[in-house]
Peer 1: 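Below are the structure tokens for one structure; questions will follow.
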Amino acid sequence: MRLSRFPLSTSKETPADAAVVSHQLMLRGGFIRQLGSGLYSWMPIGLRVLHKIENIVREEMNRAGAAEVLMPSIQPAELWQESGRWQVMGDEMLRLTDRHKNDYCYGPTHEEVITFHVRQDLRSYRQLPVNYDQIQTKFRDERRPRFGVMRAREFIMKDAYSFHMDMDSLRAEYENMRAAYAKIFTRVGVDFRIVKADSGNIGGSRSEEFHILAQAGEDLLAVSDQGDYAANVEAAETLPQPAHGPAVETLSKVATPYQKTCEDVAKLLKLPLARSLKLIVVKGAEGGLIALAIRGDHELNTIKAEKHPKIAAPLALASDAEIQAAFGCLPGFLGPVENKVTVIADYAAAALSDFVCGANEAGFHVTGANWGRDAAEPEAADLRMIVEGDPSPDGRGTIKLYRGIEGGHIFQLGKKYTKAMNVTVLDVNQQPVTPEMGCYGIGVSRMAAAVIEQRNDINGILWPDSIAPFRVIVCPIGLDKADTAAAVKGAAETLYSELLAAGVDVAMDDRGLRPGEMFKDADLIGIPHRIVIGAKGLATQQFEYKRRDAAAAELIAATTAAVLEKLAG
RNA sequence: CGGAGAGUAGCUCAGCUUGGUAGAGCACCUGCUUUGGGAGCAGGGGGUCGCAGGUUCGAUUCCUGUCUCUCCGACCA
């Protein structure tokens, strides 16, 4: 590609609205342009990157035995009503009505559509297992789109859906996809980590996320410093603790007129925060209220809470009025002592003795509270967010927290959709069987941003060769100098055409810019290899070669063969 | 959805408090000069000041409404 004909629009200034480095560099380099909140166009240079990522994904999916399809982005409401998700998805799903007043949505995902097609086409166990994949545009009406294409509303996703006669087959395909994903992430050139995940409203049992480690990541990951344990904090278990110690202190009421939080109470009483206890009151699965007891220095994990059989899902906090009626005071002074609401305590909270908690009376807390003596021994459960320093749930090492960008997510869905949508195939005994299902997603457009988060420096992006918009850029210098221009131009043109002939993805910077501008642009847009051709070097039959990530340039022989050798190494 | 902020030239922003019909830098165009890290000089083009009302002789400026965008939080395959 000749840059003189390639619409490249770079900028020196950092756009005001971009908060993270990938968004800033994608805008400065002209990779994307914003159309509206969470809506981005991929400009020519950006689309080259996107296509390279897509091609890697496509190749590896193909190699792993998936069959590519392309499904509509607009989907009829009926399918979503069948699966039950027309209600569940809420405002995140963009709903549309056509001229006949029929309801549709812009697909946020495609479980329903593929299941519909499978129901049409699959009759026999002989047709299974099968895995359909597609690379396609999704729309999710995020409450708060941010960070450019990292969390856009419209985005490109590779999704895949597999169908199986039994769980063994599903598990095998899950492993197959897991391995394919690892290859994809490796080829794209990112540092990633596979972590245990919550499956969210998509449903199903086993699920893992592929995270690209980066400070700008929106997810927190709990990783053992010794073992293999790694999980999204949403899904990271905490371990049961030994039974609490004996009561030593006597229960006494203390005035805490202005202290409503555990932090404030602990500060006032000069006690460690870890000896305080808070109650979070939620609705029970069978109606009524349930009080969740959490240690003052811990945080409730709402996903764990709503999975508890006694707690209503989705999690619903009790209203102030309900709390007033049940406890006789408002949140800020609640405690398990002398109350009639069922308490479920987090393992760590259940292990407390001589703790501080609300007195169920506005303006007062109690110290020296003990389970068994002052409050009924509670049911203990895993309810809290894991924190740094916790023992690893697998018993090996200690948890450290990292930030990650979710680049992929794989699920064993089981029969959730095939059952809801009445899919059956005949087994060898001519009996109808509801197939098991798996699904596997990669955020293709997000991946481009995630790579930049990991690979950038003061001058711009450092693309890996595999997804760079161009692998090499040829920069002829001094094209306006009457005496040497012809020689420089000739050498550059020869190199350019020979690289093209050799199948190298090369850009020729024939825009006639000054050297500084060419170098700044090449660095900003992250071309991994740069060949500079100038009169100086040609005088000694040399080109200058510089890797984007190298500190300095080096001189090489002024031949295409020498350049190819550098690219190979 | 709660809180905060911003909409003025392609971009980054000033001007608004105290009303008198708009500026800078970058970018762009022309010419000259320059050619190894976003050069220099000279000249030039470009904005119904987000939109709609209101107040006023007069509104980018004051008032009201509205739309959009961003940030923090909550939320989220």
Side-chain angles (χ1 to χ4, degrees), chain A residues 9-20 23-24 27-28 30 33-39 85 88-93 107-112 138-148 151 153 155 157-161 197-204 207-210 218-219 232 234-235 299-300 302-303 314-315 317 406-411 413 416-417 439-443 446 458-460 475-485 488 509 511-525 530 532-538 543-544 546 552-553 555:
Chain A
S9 183
T10 58
S11 142
K12 260 190 282 198
E13 302 204 59
T14 300
D17 283 344
V20 297
H23 189 196
Q24 291 169 353
L27 288 170
R28 280 190 58 204
R33 290 290 177 239
Q34 182 169 21
L35 182 63
S37 177
L39 302 174
R85 287 206 293 178
V88 178
M89 293 296 285
D91 288 340
E92 193 177 319
M93 189 155 75
T109 175
H110 279 69
E111 282 82 10
E112 280 79 0
K138 302 282 189 277
F139 189 94
R140 294 181 188 176
D141 200 356
E142 299 278 352
R143 282 178 182 178
R144 187 142 104 79
R146 56 182 145 182
F147 303 158
R151 179 168 294 276
R153 295 197 293 175
F155 60 99
M157 174 167 166
K158 188 288 298 173
D159 43 338
Y161 308 90
D198 175 68
S199 48
N201 80 2
I202 204 160
S207 135
E208 285 166 297
E209 291 169 346
F210 284 66
E218 296 182 271
D219 288 296
N232 193 308
E234 293 174 347
E299 197 182 334
L300 176 70
T302 57
I303 290 168
L315 195 71
L317 291 177
E406 182 185 348
H409 200 160
I410 56 179
F411 302 80
L413 292 176
K416 173 170 172 167
Y417 296 93
C439 82
Y440 320 91
I442 288 180
R446 174 183 284 179
I458 187 74
N459 290 314
C475 299
I477 287 187
L479 288 181
D480 288 350
K481 269 189 195 162
D483 51 342
T484 52
V488 169
D509 196 345
R511 294 177 295 175
L513 300 180
R514 302 162 56 81
E517 277 179 277
M518 273 194 283
F519 299 160
K520 286 288 185 191
D521 265 355
D523 285 353
L524 176 63
I525 64 176
R530 188 183 78 193
V532 176
I533 301 179
K536 244 192 274 178
L538 286 184
F543 292 156
E544 176 187 300
K546 183 177 177 300
L555 294 173

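First the proteins, then the strands, lettered A, B, ... as listed; each starts at 1. Just so we're clear, the structure is a prediction, and the values are computed from it rather than from any experiment.
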Peer 1: Looking at every strand, decide which applies to A/R33 at a 4.0 Å heavy-atom threshold: base, sugar-phosphate, or nothing.
Peer 2: nothing
Peer 1: So, are A/R85 and A/E111 salt-bridged, with charged N and O less than 4.0 Å apart?
Peer 2: yes
Peer 1: Base, sugar-phosphate, or nothing: which does A/S9 touch, judged by heavy atoms less than 4.0 Å apart?
Peer 2: nothing
Peer 1: Which comes earlier along RNA chain B counting from the 5' end, the contact point of A/E299 or that of A/I442, where each point is its nearest nucleotide?
Peer 2: A/E299
Peer 1: Determine the contact category for A/F155: base if any of its heavy atoms lies under 4.0 Å from a base atom, sugar-phosphate if only primed atoms, P, OP1 or OP2 are that close, otherwise nothing.
Peer 2: base
Peer 1: Would you say the base of B/G38 and the side-chain of A/R511 have a donor-acceptor pair closer than 3.5 Å?
Peer 2: no
Peer 1: So what does A/E406 touch, heavy atoms closer than 4.0 Å: a base, only the sugar-phosphate, or nothing?
Peer 2: sugar-phosphate
Peer 1: Looking at A/D523 and B/G37, is any side-chain donor or acceptor paired with a base atom of the opposite kind under 3.5 Å?
Peer 2: yes
Peer 1: What contact category does A/E218 fall into here, base, sugar-phosphate, or nothing, at under 4.0 angstrom with non-hydrogen atoms?
Peer 2: nothing
Peer 1: The side chain of A/R28 lies closest to which of these nucleotides: B/G38, B/U70, B/G36?
Peer 2: B/G38
Peer 1: Just the table, please: protein N/O against nucleotides 28-33 of chain B N/O, every pair under 3.5 Å.
Peer 2:
none

Peer 1: Would you kindly check if the NZ (Lys) or CZ (Arg) of A/R446 is within the cone defined by 45 degrees around the ring axis of A/F155 and under 6.0 Å from the six-membered ring centre?
Peer 2: no
